[in-house]
Each structure stands twice: as structure tokens, then as C-alpha cells.
Amino acid sequence: MSTTQRDYYEVLGVERGAGEAEIKKAFRGLARTLHPDVSDVPDAEERFREVVEAYEVLSKPETRELYDRFGHAGLRGGGFTPTSFDLGSLSDLFAAFFGDDLFGVSSRPRRSRGADVAAEIEIDLVEAANGTTRQVPFPVTVPCTTCHGSGAEPGTEPIACPTCGGAGRLEHVSRTPFGEFVRTQTCAQCSGLGRVVEHPCRECEGTGRIVEERTLDVEIPPGIHDGQQIRLTGEGHAGALGGRAGDLYVQVRIRPDPRFVREGNDIFTTVDLTMTDAALGTTIRVPTLEGDLELEFEPGTQAGEIRVLRGLGMPVLQGFGRGDQRVLVNVQVPRRLTEQQRSLLEEFERSANEDTYRRDEGFFEKLKSAFR
């Protein structure tokens, strides 16, 4: 059942006392307007399913009475489950509810939406931060230019299927003691198209479509995440019989950058300081998404400290602001020492006292603030 709790009468735009004919008329009008194959409204599919669910409830006396008395909770308690429909054919939906054809002419061939196409591209993290435009090649079916999508050799026309009379489906009526049962199935001869091509086009072999390689310039917005998709409406496979083309979905993969690790809109990097640099202080060039930046480290810098570079992370996708860059300090301890170096360190250790290694009072507070 839909997660919405909108009143079903409000969804269909009828009064609570509306009769069966009024409810049916309201549903037919809304379904024709909101079906995803004919509507450009962004939330058309969600609203269409909501309208179908409302009609299912209000068109049946038992579910309508249950809804009128107890609302949505009563339907859930009564075990009501909305019918799941394939939105590819609006005519099938009307036939399921009303037993008739949407257009009132059963011999009309049905258009079908083209399939979607998937493509994939790889970009660098810096390109993901700044945004870029990439050329995306992909194979796609398009209407045949020779037969203009009809599938028939130029100079000829497809004919109505003699088996189904152009309806694209066959109906079998069975008579039983309980009445007549009508079973509908797709016509095998024409595969549901309602027409037969006697003289197939030599270019497309009667399909009405051919495959071609296409390249599109795809704009990748700043801040995109690895694995996200960009949808290009109407750039997919051509539909049958002039139906709407499918969509192109471009999946963006971001190559790992050895300098950075991304977490949301923040990026992390490390900087290596020698033991003496950490003790005496130094200035190091640190990589950022905008180029190298000189970063000063004070004397007594500790291993594990994190420097936060505000606003140098990834941009917020389709929003405002940027994340931060967090620089983790790694202090390198010598692994191999000469005798002279060992002697000098031992002399230093003998001269050290508690004040030499005194911890800053605000060390942990600084550490915690770095992760906020």
C-alpha cells in the first residue's frame, strides 16, 4: 500500500457520496493525464500509482465500506494489498479494470516505450570536485531512416494482423455454470503489435529500428559521488511504433587518488614529518584539490594531530558550501641509527626532563574539535 495517507476521495477529486460512474470517470481522466508514458510531470509515476490505488479501493463496495468506516488502518487490518501493475501499457491497465480499450478501438496498434541504456565513465577525484564534461559513447537503437520506423520496405505498408484483427491480443471466452470467463493473451503471430509486415525493410529487417553508435557530451556536476548516475531523458533506445524513447543512465566512477581519502564531502590526507621537524617545527607543502599549499607546523607537533583546512574539501552536490580537508600528522621515527646518531640521542635523553615532554593542556580538546 502507498506510504501516503492522503484521502482517497481527495486523490480522485470526488465527494464522499460520489457514485460508481463518477468515480470511474474521475479515474479515467486522471489516469490518462498522469500515466508516465504521456506525462512530463516529475512525480507522475508516484501520483499515477496513488490514483490507481484510490480507484481500487473506492470502486469495490467491500473495500470502500471498510475505508469509509476505518480509514487506511482498516484497509491494512483487512489485508488489502494494491495490485501491482506494469506501467508500460496504459491500455492493459484500462482493460484490467474496465474490460475495454483505452482508445475505444481495439484494432489500434500499441506504442511501447523504448528500453533504457546504461553507460559508464571514469573521472579523477579532482574532476569530481570541479565538475567536468565528458564524451560518452554508447550503442542505441534509433528509428530506421529507410522505412521511417514502419519496418516495411519503402513503397509498402504493414497490414493488420489476420489472426487478431489488429488488436494485438486474443480473447477466449469460456462458459461455466458461474457465467462467462474471458481470458486474454498476446497474439503470437504479431507479438502484440497488431500488424504484420509482409515485405520487411532490407535495412532493419522489419524491426523498424537499427543500432548506431552515438556520443553525447555529458556534464558532470561538482561534488558527484562514486557510483552515482546521471539520467538523460529520451536518449535511450527508440520505442516501437513511434513510442517514446527510453533514457540514458550514465554511471560515474571516480578513480582512487593516492593523495586523498574521501568521506562524504570531507577529504583526508597525511603529511610525514621527521622526528626533528616535529620537534623543531617546519613548513611543508601539502597537496589539496586546488593545488599544493604551504602549511606551517609549530615546534613540538605531535604524531596523530589533525589540522583542519576549512572549505578545501568536496563541494556539496547541487547545494552550497564545501567540506573540509583534514591533514593527519605522521611523525617518522628513525629505524636505523649510526653510532654517532645513537650517542647524540642518548645524550639528549639524559638532558631531558618532565618539562621537555610536557603535554599541551588543550591537546584532547583540539583533537576532538578536528572531528566536529
Side-chain angles (χ1 to χ4, degrees), residues 1-114 116 167-169 171 179 181-182 184 192 194 231-234 236 239-247 318:
M1 187 180 299
S2 173
T3 56
T4 181
Q5 293 297 306
R6 283 185 62 196
D7 181 78
Y8 285 141
Y9 292 98
E10 178 186 341
V11 170
L12 293 181
V14 298
E15 299 293 333
R16 284 193 166 268
E20 180 181 347
E22 187 179 352
I23 291 175
K24 181 177 180 179
K25 180 181 179 181
F27 168 71
R28 293 173 73 105
L30 289 170
R32 285 192 179 98
T33 304
L34 294 174
H35 192 275
D37 277 354
V38 297
S39 176
D40 295 327
V41 179
D43 60 344
E45 181 172 331
E46 180 180 347
R47 292 176 59 189
F48 181 79
R49 291 186 184 277
E50 186 181 44
V51 167
V52 170
E53 182 178 317
Y55 180 76
E56 275 197 279
V57 171
L58 300 184
S59 63
K60 300 173 184 176
E62 59 274 16
T63 52
R64 182 176 181 178
E65 182 181 358
L66 194 63
Y67 176 70
D68 287 343
R69 294 181 62 186
F70 304 107
H72 292 276
L75 292 173
R76 287 193 295 269
F80 169 74
T81 302
T83 303
S84 178
F85 286 98
D86 178 4
L87 301 185
S89 174
L90 184 54
S91 296
D92 288 344
L93 176 71
F94 274 74
F97 278 130
F98 310 122
D100 57 10
D101 189 84
L102 169 62
F103 303 101
V105 182
S106 62
S107 61
R108 178 169 179 170
R110 300 179 185 176
R111 299 180 178 183
S112 60
R113 178 183 179 274
D116 296 329
R169 59 184 183 270
E171 293 184 350
F181 289 88
V182 180
T184 303
R231 176 186 176 187
L232 301 177
T233 304
L241 300 178
R244 184 166 66 90
D247 301 329
Q318 297 178 341

Report task. Give the minimum heavy-atom separation between G234 and A245, together with the two atoms involved. Result -> O-CB, 3.7 Å
Query raised in the report: Just wondering, are more than 12 heavy atoms of other shown residues or ligands nearer than 6.0 Å to CD in E15?
Result: no
**Report entry** Check: I23 and R64 side chains under 4.5 Å, non-hydrogen atoms
**Finding:** yes
Query raised in the report: So which heavy atom on A26 is nearest to which on V14, and how close?
Result: CB-CG1, 3.7 Å
Query - Spacing of L12 atom CG and E22 atom CD [to the nearest 0.5 Å] - result: 10.0 Å
Query raised in the report: Sequence neighbours excluded, which residues qualify as salt bridge (Lys or Arg N to Asp or Glu O under 4.0 Å) partners of R231?
Result: D247
Requested in this report: Could you grab the distance from atom CG of L30 to atom CZ of F48, nearest 0.5 Å is fine?
Outcome: 10.0 Å
Query raised in the report: Side chains of V11 and R47: does their closest heavy-atom pair fall under 4.5 Å?
Result: no
Query raised in the report: So, for T63 and V57, which heavy atoms are closest and what is the spacing to 0.1 Å?
Result: OG1-O, 2.7 Å
Query raised in the report: Roughly how far apart are K24 NZ and S59 OG, rounded to 0.5 Å?
Result: 10.0 Å
Query - Pair D68, Y8: side-chain N/O donor-acceptor within cut-off below 3.5 Å - result: no
Report summary line: Value for CZ (R16) from CG (L58), rounded to nearest 0.5 Å, stands at 8.5 Å
Requested in this report: Would you please test F27 and V52 for side-chain contact (heavy atoms from CB on, under 4.5 Å) and show each step?
Outcome: CA-CA 8 Å; F27 168 71; V52 170; 4.0 Å; yes
